[in-house]
Amino acid sequence: MNNSRIASIFSQIADLLEIQDENPFRIRSYRRAAQAIESCAEDLASWALHRGDQPLHLPGIGSGMSQKIREIATEGRCREHQDLLGRLPSGLLDFLRVPGLGPRKTGLIYRELGISTLAQLERAAREGKLQALPGMGAKSESKILRGIEDLKKVAGRVLWIEAEQEIQEIRTRMTACPEIQTLEVAGSFRRRRDTVGDIDILAIGSIAEPVMETFCSLPAVKEVLARGTTRSSIRLESGLQVDLRLVPPESFPAALQYFTGSQAHNVALRERAKRSGYKINEYGLFREPEDAPCPIAGEEDLYRICGMDWIPPELRENRGELEASAAGRLPKLVEWQDIRGDLHNHTRDSDGACTMEELALWADCRGYEYLAITDHSKSLTVAHGLDERRLLRQMEEIDRWNARADKPFRVRLLKGCEVDIKADGSLDLDPEVLSRLDLVIASVHSHMSMPRDEMTERIVRAMSYGCVHLLAHPTGRILLQREPFDLDMEKIFGAALRWGVALELNAFPARLDLDDIHCRMAKEKGVKVAINSDTHAAEHFHFLRYGVFQARRGWLEKGDVLNTQSLDELRATLRQGKRIPAGLA
DNA sequence: GCCGTTTTCGGCCCGACTGTTTTCAGTCG
């Protein structure tokens with residue numbers, strides 16, 4: 001039972017209570033709790049099992065919520081949730097995913113028509129039964145029908161990189177509109193979340209009509225969802241929703257802050273502002289009670305007046321950044337320029353598309369000091385993985401390149417390998433051969449649905465081999481496709497610390513594994529993180545940028561990231577980590 | 001249900017747009 005699963009139960013309780021028209025503040029408590037649990041760096045299942053009698057110092061989690069977390073962690077369920085599910089069909093939760101359909105109307109439809117599945121809802125809408133209900137008309141009904149259609153097609157969120165592609169197109173066309181002075185993308189995209197649910201665009205413009213007209217008639221528009229003078233919403237052919245807000249110049253800083261979110265961050269910020277006698281909304285900062293506007297030139301002013309330093313968007317998740325900022329203790333986040341080399345790359349020898357020389361030339365273009373060649377090992381036959389003999393030959397080739405005075409590149413090549421962790425936790429290649437490498441990456445590519453204890457034990461065992469330096473894509477997740485392994489991350493971090501193993505933040509846009517929460521956990525435990533592109537083709541090199549975004553979301557600073565080290569420092573770190581414990585060599 | 005430089009009781013962020021409404025509720029972000 002990982003934190004996300006526990007959080008989703010709390011969210012469901014909130015949804016179910018809301019459908020029942022319960023006390024809105026009680027509902028908000030559950031939502032806050034879900035958010036706190038989702039963002040929590042501690043594995044709550046472990047807490048419940050081992051230290052459940054100690055209080056959880058999480059904002060919004062009191063004794064009642066703690067009790068429920070314990071219940072869920074130990075029994076896999078909690079009574080409150082079960083009781084609610086006993087009273088209401090779980091299918092009603094799907095209704096909330098239909099745009100335009102919220103908890104009140106869901107409750108109304110259920111009570112009046114006895115409907116509780118999307119299929120029944122669709123039928124009722126087609127038969128015109130919904131518009132008979134109070135507050136619902138023909139328009140609501142057809143909107144619900146369209147919403148159900150979209151739900152069937154649209155998965156919902158998209159990868160950050162996919163949103164970026166849509167945004168480039170939109171930006172080009174919108175900035176061609178002469179009435180627009182400034183255009184900025186806010187929302188989860190600006191916060192660099194790994195996936196994006198919709199795109200929020202903010203513009204300064206003189207006259208609304210032509211701006212909204214340009215926006216609502218973009219070539220990629222499938223449907224205009226709303227059109228006003230300050231806000232319009234469209235759905236693109238791809239299914240992605242895009243919102244545009246038009247604001248006057250003087251409101252831009254406040255609007256940028258407001259629409260960047262996250263919602264939890266904003267709520268907490270506004271509560272703070274209120275305590276200091278201010279009101280914040282998307283139009284600006286106002287001194288209470290007379291509602292006098294305070295001029296602000298940028299987001300910095302907004303935060304400063306509330307007694308804080310400017311908070312980088314990546315941190316705005318209400319995970320302690322407001323407190324850290326107020327105390328002047330925000331981290332100095334790692335930047336792309338801090339990266340000195342890439343430690344995970346594949347050549348044609350396994351499943352890469354480039355030769356070693358081509359990779360090296362690309363690494364030079366990026367100004368890297370070092371580049372590790374880390375092809376797959378033999379059991380990954382689909383990737384034409386290397387056995388000991390081929391690996392030794394590749395090592396000789398790297399030595400020859402590094403020794404050549406007339407080589408066409410400057411970057412230092414490191415001898416490495418991405419060795420498979422077999423089902424029993426042993427390594428796919430002879431540890432003796434591996435120990436001759438500069439860098440050994442271990443990773444799981446098979447038997448991915450093991451039970452939690454078994455998978456944890458397997459990976460811990462692999463890390464305990466003295467020759468392993470780095471655990472690649474530790475949780476195995478593929479965003480929007482494959483769930484992470486069921487792992488006890490506390491134990492993984494413990495083993496990493498004990499055996500001197502760094503954890504990878506794999507920067508492939510669909511992986512971004514470790515995620516932000518786990519990056520922060522690594523930092524707190526003192527485990528180094530390596531941000532790697534996992535390059536299989538030249539165009540993958542720049543993926544490292546997405547890894548840096550994620551690292552920043554995980555509060556990582558330069559010193560927390562292994563490959564910000566110079567070559568000499570890196571070599572020392574890799575050697576230092578490898579004090580092979582007696583009896584295991 | 002949580003929480004406390006106003007509080008252990010009484011608060012709990014704020015505004016735009018839509019649709020079905022003659023003044024507002026619901027939804028959304």
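Lettering follows sequence order; numbering is per chain, from 1.
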> Just call it for A:K279: base, sugar-phosphate, or nothing, with non-hydrogen atoms closer than 4.0 Å on any strand.
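Sugar-phosphate, backbone atoms only, no base.
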> Give one of base, sugar-phosphate or nothing for A:P103, where a contact means two heavy atoms less than 4.0 Å apart.
sugar-phosphate
> Under 4.0 angstrom, heavy atoms only, what part of the nucleic acid is A:A186 near: base, sugar-phosphate, or nothing?
nothing
> Nearest to the side chain of A:R231, heavy atoms from C-beta on, is which of B:dA16, B:dG29, B:dG1?
B:dA16
> With P as the reference atom in both, quote the distance from B:dT5 to B:dC12 in angstrom, rounded to an integer.
16 Å
> Between A:I280 (CD1) and B:dG15 (C1'), how many Å, whole number?
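Computing the A:I280:CD1 to B:dG15:C1' distance gives 14 Å.
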> Which residue lies toward the 5' end of DNA chain B, A:Y30 or A:K105, if each is placed at its nearest nucleotide?
A:Y30
> Please report, rounded to the nearest Å, how far the P atom of B:dG26 is from the CG atom of A:D15.
17 Å
> Expressed in whole Å, how much space separates the C1' atoms belonging to B:dA25 and B:dT20?
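It comes out at 10 Å once rounded to the nearest Å.
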> Using distance alone, with no hydrogens and no angle criterion, decide if A:D309 and A:S325 have a side-chain donor and acceptor under 3.5 Å apart.
no
> Determine the contact category for A:Q263: base if any of its heavy atoms lies under 4.0 Å from a base atom, sugar-phosphate if only primed atoms, P, OP1 or OP2 are that close, otherwise nothing.
base
> CG/A:L246 to CE/A:M212 distance, rounded to the nearest 0.5 angstrom?
5.0 Å
> With P as the reference atom in both, quote the distance from B:dG15 to B:dC9 in angstrom, rounded to an integer.
31 Å
> Distance check needed: B:dC17 P versus A:R245 CZ, whole Å only.
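That distance rounds to 9 Å.
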> Determine the Euclidean distance between corresponding P atoms of B:dA16 and B:dG11; express it in Å to zero decimal places.
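My reading of the P atoms in B:dG11 and B:dA16 gives 26 Å.
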> Base, sugar-phosphate or nothing for A:P99? Non-hydrogen atoms, less than 4.0 Å.
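It contacts sugar-phosphate atoms only.
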> Do the side-chain N and O atoms of A:Q257 and A:E299 include a donor-acceptor pair separated by under 3.5 angstrom?
no
> Which whole number of Å gives the distance between the P atom of B:dC28 and that of B:dT22?
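These two P atoms come out 23 Å apart once rounded.
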> Of the options B:dG1, B:dC17, B:dC14, whose atoms approach the side-chain atoms of A:R26 most closely?
B:dG1
> Contact class for A:I27 (heavy atom, under 4.0 Å): base, sugar-phosphate, or nothing?
nothing
> So A:F549 and A:Y546, would you call those rings parallel, tilted or perpendicular, with 30° and 60° as cut-offs?
perpendicular
> If we call it a pair only when both distances are under 3.5 Å in a Watson-Crick or G-U wobble match, what pairs with B:dT8?
none
> Over how many whole Å does the gap from A:H57 atom NE2 to B:dC3 atom P extend?
12 Å
> Taking atom types as modelled and ignoring hydrogens, do the side chains of A:S39 and A:E317 form a donor-acceptor contact shorter than 3.5 angstrom?
no
> Does CD in A:Q131 sit with more than 12 non-hydrogen atoms of other residues, nucleotides or ligands closer than 6.0 Å?
yes
> Considering only B:dA16, B:dG19, B:dG1, which nucleotide approaches the side chain of A:E282 most closely?
B:dA16
> Whole angstroms only, please: what is the CG-P distance between A:L225 and B:dG26?
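Checked: the CG to P distance equals 22 Å.
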> Regarding A:S142, tell me which of base, sugar-phosphate or nothing describes its non-hydrogen contacts under 4.0 Å with the strands shown.
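Answer is nothing: A:S142 stays at 4.0 Å or more from every strand.
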> To the nearest Å, give me how far apart NZ (A:K139) and C1' (B:dC17) are.
12 Å
> In whole Å, what is the span from the OH atom of A:Y258 to the P atom of B:dG15?
8 Å
> Any side-chain N or O of A:S233 under 4.0 Å from OP1/OP2 of B:dC17?
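No.
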> If the P atom of B:dT6 is compared with that of B:dC2, how far apart are they to the nearest Å?
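Approximately 23 Å lies between the P atom of B:dT6 and that of B:dC2.
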> Write down the distance separating the C1' atoms in B:dG1 and B:dT8, rounded off to the nearest Å.
15 Å
> Would you indicate, yes or no, if B:dC12 has its OP1 or OP2 atom less than 4.0 angstrom from a side-chain nitrogen or oxygen of A:R28?
no
> Looking at A:Y283, does any N or O in its side chain come under 4.0 Å of the phosphate oxygens OP1/OP2 on B:dC14?
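Looking at the OP1 and OP2 atoms of B:dC14, neither is under 4.0 Å from any side-chain N or O of A:Y283.
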> Using a cut-off of 4.0 Å on non-hydrogen atoms, how would the nucleic acid contact of A:N266 be classed: base, sugar-phosphate, or nothing?
nothing
> Measure from the side-chain heavy atoms of A:S29 and tell me the nearest of B:dG29, B:dG1, B:dC14.
B:dG1
> Among B:dT18, B:dG1, B:dG29, find the nucleotide with the atom closest to the side chain of A:A226.
B:dT18
> Quick check: on DNA chain B, is the nucleotide nearest A:R32 upstream (toward 5') of the one nearest A:D198, or the reverse? Name the residue that is more 5'.
A:R32
> Less than 4.0 angstrom from a charged side-chain N to a carboxylate O is my criterion; do A:E271 and A:R275 meet it?
no
> Have a look at A:R227 and say if it touches a base, only the backbone sugar-phosphate, or nothing, with a 4.0 Å heavy-atom cut-off.
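The residue A:R227 makes sugar-phosphate contact but no base contact.
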> Is there a side-chain polar atom (N or O) of A:K143 under 4.0 Å from OP1 or OP2 of B:dT27?
no
> With respect to the side chain of A:K68, which nucleotide from B:dC17, B:dG26, B:dG1 is positioned closest?
B:dG1
> Does a donor on one side chain sit under 3.5 Å from an acceptor on the other, for A:T195 and A:R157?
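Yes, a side-chain donor-acceptor pair sits under 3.5 Å.
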> Let me know the distance between CG of A:L130 and P of B:dT20, rounded to the nearest Å.
11 Å
